[in-house]
Amino acid sequence: MDVYFFGVLHVTKAALPMLRAGKGRVLTVTSISGVVGQPFNEVYCAAKFALEGFMESLAPVAATVGVAVSVVEPGAVASDFISNVGGRDALVAQAGPYGPALAAYQARVRDAFATAQTPQGAAAKIVEVLETERPAFRVQTSDATRAFTAVKVADGDGSAVQELTDAWIA
């Protein structure tokens with residue numbers, strides 16, 4: 001929460017006077033994890049949900065003083081993230097009754113990162129938002145992330161998201 005939410009909140013609040021003066025914009029890179037809760041990522045998702053809520057609430061207020069607010073929501077980006085996680089087998093061994101679900105989730109994550117978007121692709125979308133005169137509030141970085149977040153947007157009772165994420169740990 002300190003890094004993913006409070007850090008961004010404090011920096012944004014500190015920058016707003018300068019952004020108002022220059023009619024600037026706030027662009028925050030969040031995550032699809034701030035739109036769709038994901039198993040075994042409860043705290044990360046909570047921080048990203050908080051960040052999305054803060055920015056969504058700030059956007060109309062900031063607009064009244066000429067400041068645009070956008071969030072960019074990448075999904076899996078091909079990086080050293082997965083190889084740097086480390087200790088995955090130990091985590092499964094220590095997970096007790098949740099071990100099988102955690103192992104299934106880790107396999108799903110490895111598959112997602114095997115076909116992940118390139119860092120250059122995600123960066124290009126961020127640059128596009130920065131160069132757009134009137135960017136959308138919420139921007140996903142790929143067709144895959146748009147499809148993934150669309151499940152949540154169309155899911156009035158939460159059952160579609162639960163079905164989707166249940167399959168990851170079955």
Side-chain angles (χ1 to χ4, degrees), residues 1-82 84-85 105-106 108-109 112-113 116-158 160-162 164-165 168-169:
M1 291 299 286
D2 285 341
V3 172
Y4 293 122
F5 176 65
F6 289 112
V8 176
L9 175 128
H10 294 305
V11 168
T12 302
K13 288 176 91 175
L16 277 172
M18 293 167 276
L19 294 169
R20 282 194 309 267
K23 304 293 185 203
R25 67 176 66 177
V26 175
L27 185 145
T28 301
V29 178
T30 66
S31 170
I32 59 173
S33 296
V35 180
V36 177
Q38 299 175 43
F40 299 105
N41 288 279
E42 295 84 2
V43 175
Y44 179 75
C45 289
K48 292 298 187 171
F49 268 75
L51 184 55
E52 289 261 343
F54 170 64
M55 291 298 169
E56 190 171 288
S57 300
L58 176 64
V61 176
T64 67
V65 293
V67 177
V69 176
S70 294
V71 296
V72 175
E73 300 166 339
V77 175
S79 68
D80 291 334
F81 176 78
I82 290 297
N84 288 333
V85 170
Y105 178 73
Q106 288 177 341
R108 186 255 174 213
V109 169
F113 276 83
Q117 180 179 25
T118 67
Q120 296 81 2
K125 184 53 82 169
I126 293 168
V127 169
E128 178 184 314
V129 172
L130 288 170
E131 292 176 342
T132 299
E133 186 175 329
R134 293 180 191 260
F137 167 72
R138 181 171 280 114
V139 178
Q140 296 81 34
T141 60
S142 70
D143 291 340
T145 57
R146 269 186 295 287
F148 183 73
T149 58
V151 171
K152 173 74 171 258
V153 174
D155 188 18
D157 69 358
V161 168
Q162 292 301 301
L164 177 68
T165 58
W168 298 350
I169 59 175

Compare every heavy atom of Ala136 with every heavy atom of Ser70, then report the nearest pair and how far apart it is.
OG-O, 2.7 Å
Might you point out which heavy atoms bring Pro60 and Glu56 nearest each other, and give the distance in Å?
CD-O, 3.2 Å
Glu73 versus Thr149, side-chain donor and acceptor atoms under 3.5 Å:
no
Donor-acceptor side-chain pairing of Ser33 and Gln38 below 3.5 angstrom
yes
Can you tell me how far the NZ atom of Lys13 sits from the CZ atom of Phe6, to the nearest 0.5 Å?
10.5 Å
Would you call Ser31 and Tyr4 a side-chain contact if the rule is heavy atoms closer than 4.5 Å?
no
Validation row: Val35, Gln140 side chains within 4.5 angstrom (heavy atoms):
no
Anything under 30° is parallel, anything over 60° is perpendicular, the rest tilted; go ahead and classify Trp168 against Tyr105.
tilted
Leu130 versus Arg25: any side-chain heavy-atom pair under 4.5 Å?
yes
Please name the pair of heavy atoms, one in Gly75 and one in Thr145, separated by the smallest distance, quoted to 0.1 Å.
N-CG2, 3.2 Å
How close do Ala78 and Ala116 get, heavy atom to heavy atom, and via which atoms?
N-CB, 3.4 Å
Do Ile32 and Val36 come close enough that some side-chain heavy atom pair is under 4.5 Å?
no
Within the structure provided, determine whether Val109 and Phe40 are in side-chain contact (heavy-atom separation under 4.5 Å).
no
Side chain proximity check, Leu58 to Leu16, heavy atoms < 4.5 angstrom
yes
Lys/Arg-Asp/Glu bridge criterion (N-O < 4.0 Å) met for Lys152, Asp155
no
Side-chain heavy-atom pair Arg20, Pro17 within 4.5 angstrom cut-off:
yes
Check: Thr30 and Arg138 side chains under 4.5 Å, non-hydrogen atoms
no
Taking all non-hydrogen atoms of both residues, which atom of Phe5 and which atom of Ala50 are closest, and how far apart?
CE1-O, 3.5 Å
What distance do Leu9 atom CG and Met55 atom CE have between them, rounded to the nearest 0.5 Å?
7.5 Å
Closest contact, heavy atoms only, Val72 versus Pro74:
O-CD, 3.1 Å
What's the separation between atom CD in Glu42 and atom CZ in Phe49, rounded to the nearest 0.5 Å?
11.5 Å
